[in-house]
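Numbered from 1 within each chain, the chains take letters A, B, ... in sequence-line order. What you see is a predicted model; the values in this text were computed from it and never measured. The analysis underlying the following values was restricted to heavy atoms, covering all of them including side chains, and did not include hydrogens, waters or symmetry mates.
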Amino acid sequence: MRNYWVRVALDIPLETFFDYHVPTTLSPQRGQRVIVPFGHQKQIIGVVTAILDKTDIPLDKQKDIIQVLDDLPPFSDTWIDLCEFAAKYYLRPIGEVILPVLPPPLRKITAYTGKTTSSPVERLDKKIRNQQKKAQQKKQSSTHQATTPSAHSTSLTLNTEQRIAVEVISQTQHFKTFLLHGITGSGKTEVYLQALAQKLAEGKSVIFLVPEINLTPQFEQILKDRFCPLYGENTVVTMHSGLSDGDRLLAWLRMQRQEAKIVLGTRMSIFAPLENIGLIIVDEEHDASYKQQDGLRYSARDLAIWRAKQLTIPVVLGSATPSLESWQHTLTGKYEKLCLTQRAKVTHLPHIKLINTKKIPLNQGLSPDLISAIDERLQRGEQSMIYLNRRGFSPVLRCSSCSWTSECIRCSVHTVLHQSAGKPATLQCHHCGYTTRVPYKCPECGNQDISGLGYGTQRIEEVLGHLFPHAKIQRIDADSTRLKGSAEKLFTEAHSGDVDIIVGTQMIAKGHDFKRLSLVGILNADMMLFSGDFRAPERLFAQLIQVSGRAGRHLPDAEVLLQTEFPDHNLYQSLLKHDYAEFASTTLEERKIAKLPPFSYQVLISAQAKKVEDAIDFLKTIIRMAKEDMPDYLEGIQLYDPIPLKIIRVANIERAQLLIESESRTRLHHFMQIWLQRVYQFFRTPKVKYFVEVDPLDI
DNA sequence: AGCACGCCGACT
DNA sequence: GTCGGCGTGCTC
Ligand SMILES: [Zn+2]
Ligand SMILES: [Zn+2]
């Protein structure tokens, strides 16, 4: 056979392709993993993305492939195409897409270079066979166990809206994006499950995405209860970053071998190597967790839509507060909207009340109305929840006589006072983790009267303890759930009903169904109303709807009390009416006038250096490159001035960013591709680190 | 990202 | 004298 080469995806952050010569003894195929020599490192694993009959690499630089790994069938063409699209769209080399999504044993050379000559795949298969043998022996020796039917094993009866949604989705056999807009408690999950059941019955498989790891166990249970009796116990596979290497490999094998029919998991699951997919579900599609914040900055929701289009299948995006991007697409008819407007249980949505804190004096951060509402719940034996998106005791420590405030030595932010029962008080930086003891006097003037300013969850917990000494109060935030398994423990306690008042951050807003909860108090929502970027109100509204939805899912007359200085703000006014559509329409109108997404597309380049001036200079230089060298590409492209980030310094690194905007996505991408190529060639080893983010969420 | 090469400060 | 600090360069 004639001489030929292969293009290999490697996990190396370089904007070049790597072509290798194929020795006559080997015949690698597209989608197969190979072992190749690389630079000074001995050998690494890569994935073949193309077969080439010529290459531009000079002969003296060409190297031979060492080995083709055939312990797995090649990844499918459609799967490689998906990765290639993601690489191109997010402006990164393909190796940065493919390799990080593989289970570590499939991509780390050390899995193949140990004492044993076997592959990690063979080793795992052997282990599983042994386990099965043992399990069988046990089964034979023990008596039969009747399988107990569980609560989720049978389908629930649907209301009319749900039935229509299920019918429309399951009858769709082509590409279509559905937006399932349902208020909290309206039974979106049951719609997913029954549409999913239909696709399984047709012999198809399904990808089911959820935003967070903590949401997987409850969905996993539901899916297993309902579908394992029908399709076998390996039908449901979960995939998230919490899995061990072995579990990740096992899940991967079950997907690639078509043993699994349902893949449940976090954003990485959109890269599941499943074939014959009939439906993709994205629950809570508005959630920012679907956007990866490091490495390849992809949006799993957006890739889900691309993958559905590629496979000509339906995709369902579900949310009570859809992203404005998705909502706009329903208005133009690009997506089909399916509405669930009724709560499944007979209860009503909670009554929301705004408390004007400009007019009413607060008692240690709490309004009299909120305090008496909590008291009422205690009398009735019901649960209350206080939501405050700020952990710690006080956001800053301040001297009462001079104006000294506690600051991080490594970042341009205040350090946060942490002070809770049993632990010595500390000052912590929430950006870099820097922690110090609390000074007993002001470091500037020596004054001993220094104290925390403002309220965090720890302080509210303490205040409530003084106001209600007999109540059982549980704080749930990143600090109280730091230890592995402690989050589950705290939530179990909160569910069991021993807890009277739950105090917490974002963590308590998602997914939990507290049976006796009839009051939600929201503190300091205003902080997010005016914070930074244009998406802040959208995020705030979603959070408020979500946390409000915790109240009264099983009890009538539930209340939400929101303390604000701006009760007339249109966001709060729409919230009062639980009116997402109204909020969306006013906000979209503002976006349209300002030509912001979804009416334009954005790319963000952020630069990091020791001094922010260097970062700014770098960005100015690349802007000049664009303006001088490639003016034709700039038509319809808006290049903004580079600006320092609001928090300039984090961990002694200073940051600046540059926003690029266009009303045409193709133009923007075309420009970016050419431009970044030039930047890369010009700065072969830049002293400034830079990152490119397509469709940034925070700007 | 790794890894090697290389040229200056403080150890045996 | 050399051990090791991390600046610079290279990877098909
Ligand atoms: Zn002072
Ligand atoms: Zn810091």
Side-chain angles (χ1 to χ4, degrees), chain A residues 2-69 80 83-84 86-88 90-114 241 245 268 292-298 605-611 614-615 618 651-654 676-677 679-693:
Chain A
R2 197 173 93 260
N3 243 352
Y4 75 106
W5 296 263
V6 283
R7 186 151 286 175
V8 179
L10 300 173
D11 192 13
I12 304 288
L14 295 179
E15 314 279 327
T16 39
F17 293 115
F18 297 101
D19 297 349
Y20 284 84
H21 179 252
V22 180
T24 50
T25 49
L26 301 176
S27 54
Q29 296 169 46
R30 185 176 193 238
Q32 259 182 328
R33 292 172 305 132
V34 288
I35 297 179
V36 293
F38 187 77
H40 299 291
Q41 310 164 47
K42 299 125 278 170
Q43 301 176 356
I44 55 175
I45 293 181
V47 176
V48 176
T49 59
I51 311 285
L52 310 169
D53 53 16
K54 59 179 168 39
T55 178
D56 297 334
I57 309 302
L59 252 173
D60 60 324
K61 290 204 167 175
Q62 289 181 23
K63 288 183 182 165
D64 276 14
I65 284 181
I66 294 171
Q67 192 189 338
V68 177
L69 296 170
I80 300 279
C83 295
E84 265 177 351
K88 212 172 161 191
Y90 293 106
L91 302 163
R92 302 284 2 176
I94 184 151
E96 269 185 56
V97 184
I98 294 194
L99 287 131
V101 305
L102 299 182
L106 294 183
R107 62 166 199 257
K108 285 194 176 154
I109 190 69
T110 45
Y112 290 84
T113 52
S241 58
D245 287 2
M268 64 164 69
Q292 179 137 60
Q293 287 302 322
D294 53 296
L296 183 86
R297 302 183 172 220
Y298 66 93
I605 302 183
S606 36
Q608 306 185 338
K610 283 264 171 283
K611 294 259 102 237
D614 293 337
F618 169 80
N652 283 331
I653 293 169
E654 301 195 334
L676 289 176
Q677 198 69 38
V679 169
Y680 177 71
Q681 273 158 14
F682 188 77
F683 295 92
R684 293 177 57 211
T685 40
K687 63 176 185 211
V688 173
K689 251 189 171 178
Y690 66 96
F691 309 92
V692 179
E693 181 164 3

Handout entry: Sequence-distant partners of A:Phe618, ring-ring contact (aromatic ring centres under 6.0 Å, His included), two or more places apart
Key = A:Phe683, A:Tyr690
Practice task
Report yes if the side chains of A:Val679 and A:Ile605 come closer than 4.5 Å at any heavy-atom pair, otherwise no.
Solution key: no
Handout entry: Contacting residues from residues 6-21 of chain A, given that a heavy atom lies under 4.0 angstrom of DNA chain C
Key = A:Leu14, A:Phe17, A:Phe18, A:Asp19, A:Tyr20
Problem - Qualifying residues under salt bridge (Lys or Arg N to Asp or Glu O under 4.0 Å), relative to A:Lys689, sequence neighbours excluded - result: none
Practice task
Begin with the C-alpha distance, continue with both residues' side-chain angles, and end with the deciding distance and a verdict on side-chain contact (heavy atoms from CB on, under 4.5 Å) for A:Gln292 and A:Asp294.
Solution key: CA-CA 6 Å; A:Gln292 179 137 60; A:Asp294 53 296; 4.3 Å; yes
Exercise for the section: Would you list the pairs meeting salt bridge (Lys or Arg N to Asp or Glu O under 4.0 Å) in which at least one residue belongs to residues 5-14 of chain A, sequence neighbours left out? Expected result: A:Arg7-A:Asp19
Fill in the blank from the handout: Contacts of A:Glu15 meeting side chain to side chain donor-acceptor pair (under 3.5 Å) (sequence neighbours excluded), chain-then-number -> A:Arg92
Practice task
Grab the two heavy atoms, one from A:Val688 and one from A:Asp614, that are nearest each other, plus how far apart they are.
Solution key: CG2-O, 3.8 Å
Problem - Sub-4.5 Å side-chain heavy-atom contact between A:Val47 and A:Ile80 - result: yes
Completion exercise
Taken in chain and number order and not counting sequence neighbours, the residues that satisfy side chain to side chain donor-acceptor pair (under 3.5 Å) with A:Tyr112 are A:Arg33, A:Asp71
Practice task
Measure the distance from CH2 on A:Trp5 to C1' on C:dC12 and round it to the nearest whole Å.
Solution key: 13 Å
Exercise for the section: For A:Tyr680, enumerate each residue passing the ring-ring contact (aromatic ring centres under 6.0 Å, His included) test, keeping only those at least two apart in sequence or located in another chain. Expected result: none
Problem - Spacing between A:Asn3 atom CG and C:dC12 atom P, to the nearest angstrom - result: 18 Å
Exercise for the section: Please work out which residues in residues 54-64 of chain A have a non-hydrogen atom less than 4.0 Å from an atom of DNA chain C and list them by number. Expected result: A:Ile57, A:Lys61, A:Lys63
Problem - Range on DNA chain B touched by chain A - first to last nucleotide, heavy-atom distance under 4.0 Å - result: B:dA1 to B:dA4
Exercise for the section: Strictly below 4.0 Å, heavy-atom distances to any atom of DNA chain B: list the hits from residues 90-104 of chain A, or just say none. Expected result: none
Problem - Residues that A:Gln62 engages under side chain to side chain donor-acceptor pair (under 3.5 Å), provided they are two or more places apart - result: A:Trp5
Practice task
Go through the structure and list residues passing side chain to side chain donor-acceptor pair (under 3.5 Å) with A:Asp64, not counting sequence neighbours.
Solution key: A:His21
Fill in the blank from the handout: All heavy atoms of A:Val6 vs all of A:Ile65, minimum pair found to be CG2-CD1, 3.2 Å
